[in-house]
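Reckoned from all heavy atoms, side chains included, excluding hydrogens, waters and symmetry mates. Residue numbers count from 1 along this sequence. If you're wondering where the values come from, they're calculated on a predicted model, not measured in any experiment.
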Amino acid sequence: MPIIYHQQAKEFHLYNQSVSYIIQIMGNGQLGNLYYGKRIRDRESFEYLFETGERPHAAISCPYPVNLCLQYTKQEYPVYGTGDYRYGAYRVRQENGSRTTNFTYADHNICNGKPSIEPLPSTYTEDDSEACTLTIRLHDDLIDTDLILTYTIYEERPVITRNACFTHNGTEKIVLLNAMSGAIDLPESNYDMIHLTGAWSRERYVKRRPLEQGIQSVYSMRGISSAEHNPFLALAEKNATEGSGTVYGFSLVYSGSFLAQAEVCSHDTTRVLMGIHPDTFEWPLKTGESFQTPELVMVYSDQGLSYMSQVYHRLYRTRLARGYWRDRERPVLLNNWEATYMDFDEEKILSIARKAKETGVELFVLDDGWFGDRSDDDRSLGDWYVNKEKLPGGISGLSEKIEAMGLKFGLWIEPEMVNKNSRFYEAHPDWIISAPGRYETPSRQQHVLDFSRSEIVDSVYQMLKDVIEGAKISYIKWDMNRYITECFSRGAGEDEQGMVMHKYILGVYDLYSRLIHDFPQILFESCASGGARFDPGMLYYAPQAWCSDNTDAIDRLKIQYGTSMVYPVSSIGAHISAVPNHQIHRITPLKTRGNAAFFGAFGYELDLNHLSEEEVQLVKEQIDIYKKNRKLLHQGTFYRLKSPFEGNDTAWMVVSEDQKQAIAAYYQTLNPANAGWLRLKFAGLGEDVLYQVTVEGDTGEYYGSELMHAGLPINRNRFFKETGDFASLLFFMNEKVI
C-alpha cells in the first residue's frame, strides 16, 4: 500500500516508484508539507525537513516549545489570518462576521481505490489496486465544521489527486468565501511558470516566464474555463526541457470560473493554489450541508515536459474519459459548417454527404441552422424543433437517408443558450441569467440559460431527448458560444447569488450525464466557440473537443502544440477546411492541412464537391492513411520535437507502446532561400530497434539510436522545392524484422 502513516512522528508518506509526498501533523494540529518530489526511501520520521523558527514580524501560531510561525511554514491547506499573511486555500465567514478559523487534525483513513466525488467529474480507477487514497478529517470546534482533505496516489503513475470537502455541523450558518481544490508549498522559487493562454481562434498558446517574488496567476471569471486561460499551470526548473529536468504539473478537473496561482514569498518559497475562483463564489452552509471542491490533478516529472504531458495524456484518455467511445477508434467525419453555414436545404446536405461517402468519410455532421426559424445568429436558439422548410423529412428523415448511404449521422446543438427572438424565450423570459433592472448584455445575439435551476435543465433535456430519440444519431457536437455576464439567478435568494456560477456548471454536468445515460453509444464532442471550454471536466463527458474555430493548418500547429501540454491527441478535434481559410484567409496546401489534422480526432469541414479530381484523390489517400494509423495516433506516446513558438518550424511524433511503430511530422512555415539541410532528431524509439523509415516515397533503414541522437538529414531544397511556404513531411517508421 503506497501510503504509510508513521504514528509516532505523525507523518503520512504517499509514494510509488516515481514520487513521494510527505505530510506532517504539526504542533498546532494543522497540516504541514515536508516534501513533494522524486521518490525517496521511507523512514520512521522526516522531522528534519520541518523548517520553522522565529523571524522579525513573525506571529507565533503555536507557542514554546514549538514556536510555530505559519508565515514561514510549508502547509497543506493554509488559511489567512492566524499568522500566515500569504493567500490561503479557503476562507469562512461566520455569523458574527469573523473569518478566523482553526481546523486541526481529528482522524484519518487509508484505503485502496479512489472514491468518486459526483456530481463533479474526476479521474477514476477500474480496480482498487490501481490507487490508494488518504482522507484526513480536520475539525474546527468553535464552528463545529469538518474539513476533509482527500489525496489519491496512483500505483504506477506519478500522479496525486486532491480535493477538499467542508461539512457544517454547527447550528449557526457559515459562508464559504473561498474553497480551493488544493495548495502546495514548495521550498524553492527557481522555476519557470508555464501556462496556456490566448483568445478565440488562438487558444492555448504556450507561455513560459520565470517566477518572481509576488503573485503570478491565470484565471477565468467568465463562467467557463475560457479561451483566455486554461485551468493548468506547470512549474519547471530553469533548465528543464522537453526531455529532461524537473516539472510539476497542476490541472483542474473543472469547467467553470477558476484561479491558478503561484505566490513567491520574500524568503523564496513558492505556494501554488488552484480551484474555483473566489471572486465569483460565495457558498452558505447550514447545519448538515456540505460543499465539495473539484479535483486537482498533480503530476511530477523528472524527465521534462514531454513526460509530464504523456502522464496527463494516458491518465485523461483512460481514467478520465469514459464510456463506449473511450477506447474505440473515432470515425472520420465531415461537418457542413464551413461548407454551407446556415444556408442549406436537404438536397445540398445530401449532395455533400454523397461525396463524403465516396472519399471514405464515415460520419456526416449537420451543424447549426437545422431548427426553428434559424437562418442567422439572431434567432431561434432554444427552439429545438426541426425546420421543415429546410428539412421536409425532419432530422429523422435526413438521418435515415444519410445512414442509407453507409454513413453515420451527427448533429450540432447549443443547449445552454437562447436568442430573445425565439419561441422559447417568449415563453420563458425569466429563464436567462440576468440582473433585474439592468441591461441584459447580448453576445453573438444570444443569452445564457440559467442552468443553476433544475427546472430549466429539465426542460432542455426533454426537448433534446425528443429530437435524439426520433432520429438515428451517432454523434453530437455540443456548442457554447458566449461567456456569462450579469450573473444573477431569478431562482435563487439574496444569499444564494454567489452560488450561481458553480451551480450553472453543475447543471451542465447534469444535462450531459442524463443524455449520456440515455444514449450511451453517442459520441459527444464538446465545443465552446471552438476551444473556450477545453478542460478536463469536459473530457469526463465528451472524449473529444473541438480544438478551435481556427482551422488554418499553420495556426493550428501552435494551438495543437499547446493543447498537447495536457490533453491527449484523441481529444483534439482537428479538421481540414477549404482555402482561402475562413478565419485568416491563408492558402495552405491540402497535404499540409491533412498532415496537421492527422494528429487529432480527424475530419473535414468543407464541401468536397468543390475540389478538383486531383484533390479528391488526395483526400481519399489522407483518409486511408488515417484509418490505418488512427489507433497508433490516438493511443501512442506523443512527443513534441520542435516548438512553433520558437522558430520557423514545428515537429512532433507518436510512438507505439511497444516502440515498433511511429509516425512523425515536420512542418515548415516559410521557405528560406537557399536553405541548408535540416537534421531532424526523433524521440521515444527503441535504441536497438532497426526501423524502416518512409518519407515522400523514399525508404531507408536506421536504428532508433541513430534517429534519436544523430538525426535524419532533410534536404529542404529538394522536398520543399515545389511546395514552398507551409510545407510538411510525414515520416512512417516500422520495425524491420530481421
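- Here the side chain of His447 pairs no donor or acceptor atom with the backbone of Trp431 at under 3.5 angstrom.
- Just one of Phe344, Phe409, Trp384, Trp412 meets the ring-ring contact (aromatic ring centres under 6.0 Å, His included) condition when paired with Trp370; it is Trp384.
- Applying the 6.0 Å contact sphere to NZ of Lys420 captures more than 12 heavy atoms from other residues, nucleotides or ligands.
- Arg556 has no carboxylate O lying under 4.0 Å from a charged side-chain N of Glu605, or vice versa, which leaves the two without a salt bridge.
- Taking the charged nitrogens against the carboxylate oxygens, Arg482 and Glu416 have no contact shorter than 4.0 Å, which rules out a salt bridge.
- Ion pairing of Asp510 with Arg514 is present here, as a side-chain N (NZ or NE/NH1/NH2) and a carboxylate O approach within less than 4.0 Å.
- Under the ring-ring contact (aromatic ring centres under 6.0 Å, His included) criterion, the residue pairs touching residues 456-479 are Trp478-Tyr512, with sequence neighbours excluded.
- Annotation: Phe250 is not in aromatic contact with His195 [ring centroid separation under 6.0 Å not met].
- More than 12 heavy atoms of other residues, nucleotides or ligands sit less than 6.0 Å from atom NZ of Lys348.
- Under a cut-off of 6.0 angstrom, the local environment of NZ in Lys591 is crowded, with over 12 non-hydrogen atoms contributed by other residues, nucleotides or ligands.
- A salt bridge does not link Lys620 with Asp624: none of the charged nitrogens is closer than 4.0 Å to a carboxylate oxygen.
- Of the possible donor and acceptor atoms, none in the side chain of Asp368 sits under 3.5 Å from a partner among the backbone N and O of Met342.
- The pair Lys558-Asp555 does not meet the salt-bridge criterion, since no charged nitrogen lies less than 4.0 angstrom from a carboxylate oxygen.
- A side-chain contact (heavy atoms from CB on, under 4.5 Å) with Phe232 holds for exactly one of Leu196, Asp535, Leu252; it is Leu196.
- Smallest separation of non-hydrogen atoms from Leu523 and Pro331: CD2-CD, 3.9 Å.
- Between Phe638 and Trp652, the angle of the ring planes lies from 30° to 60°, which puts this pair in the tilted group.
- Ring geometry for Phe602 versus Tyr604: interplanar angle over 60°, hence perpendicular rather than tilted (30 to 60°).
- Here the side chains of Thr588 and Asn581 are not in contact, with every heavy-atom distance at 4.5 Å or above.
- Between the side chain of Arg379 and the backbone N or O of Ser375 there is no donor-acceptor pair closer than 3.5 Å.
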Check step by step if salt bridge (charged side-chain N to carboxylate O under 4.0 Å, His left out) holds for Arg533 and Glu203. CA-CA 10 Å; Arg533 198 164 63 184; Glu203 300 90 341; over 6 Å; no

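- In this structure a side-chain-to-backbone donor-acceptor pair under 3.5 Å is missing from Glu338 to Ala578.
- Of the listed residues (Phe524, Tyr509, Trp325), just one forms a ring-ring contact (aromatic ring centres under 6.0 Å, His included) with Tyr541, and that residue is Tyr509.
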